[in-house]
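Heads up: numbering here begins at 1 and tracks the sequence. In this text, all values refer to a predicted model and were calculated from it rather than measured experimentally.
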Amino acid sequence: MKQYISVTAKFDAEGNVLPLCINWDDGRQFPIDRVTDVRFAASLKAGGAGIRYTCRIQSHEKYIFLEENRWFIENDKAG
């Protein structure tokens, strides 16, 4: 299931985007410890495609996607 999220990100002088923190609607924030990979990819779980960031968040690997101008995360919970 695709879940759109708010992301705090850094934009560098070359136009690269680096996500820094995931911000949930309920006020919870999860800093991204490390981005280990960046590539264009499709989400096999949620549908859609965009720039996929492989992130380490609290010792867990998560994929977040920048799809045009919106961020989403693959959510394992059924709808």
Validation row: [X], [Y] side chains within 4.5 angstrom (heavy atoms):
{"X": "Tyr63", "Y": "Ile73", "value": "no"}
{"X": "Leu18", "Y": "Asp12", "value": "no"}
{"X": "Lys2", "Y": "Glu74", "value": "no"}
{"X": "Ile22", "Y": "Trp71", "value": "no"}

Nearest 0.5 Å, what's the [atom1]-[atom2] distance between [X] and [Y]?
{"X": "Glu68", "Y": "Ile51", "atom1": "CD", "atom2": "CD1", "value": "11.0 Å"}
{"X": "Arg52", "Y": "Phe72", "atom1": "CZ", "atom2": "CZ", "value": "10.5 Å"}
{"X": "Leu20", "Y": "Gln29", "atom1": "CG", "atom2": "CD", "value": "11.5 Å"}
{"X": "Ile64", "Y": "Ile57", "atom1": "CD1", "atom2": "CD1", "value": "6.0 Å"}
{"X": "Lys62", "Y": "Arg56", "atom1": "NZ", "atom2": "CZ", "value": "11.0 Å"}

Locate the shortest heavy-atom distance separating [X] from [Y]; write the atom from each residue and the value.
{"X": "Ala41", "Y": "Phe65", "answer": "O-CE2, 3.8 Å"}
{"X": "Cys55", "Y": "Pro19", "answer": "SG-CG, 4.5 Å"}
{"X": "Gly48", "Y": "Glu67", "answer": "CA-OE2, 3.7 Å"}
{"X": "Leu66", "Y": "Asn69", "answer": "CD1-C, 4.3 Å"}

**Q.** Asn23 side chain vs Ile5 backbone, donor-acceptor pair below 3.5 Å
**A.**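 The answer is no, because no donor-acceptor pair under 3.5 Å joins these two groups.
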Q. Linking I/L/V/M/F/W/Y whenever their side-chain heavy atoms sit closer than 4.5 Å, directly or via other members, would Trp24 and Val7 fall into one cluster?
A. yes
Q.
List the residues meeting salt bridge (charged side-chain N to carboxylate O under 4.0 Å, His left out) with Arg39, not counting sequence neighbours, and say none if there are none.
A.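 Applying salt bridge (charged side-chain N to carboxylate O under 4.0 Å, His left out) to Arg39 gives Asp37.
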Q: Tell me, yes or no, whether the heavy-atom count around Asn16 atom CG, taken from other residues, nucleotides or ligands under 6.0 Å, exceeds 12.
A: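 More than 12 heavy atoms, drawn from other residues, nucleotides or ligands, come within 6.0 Å of this atom.
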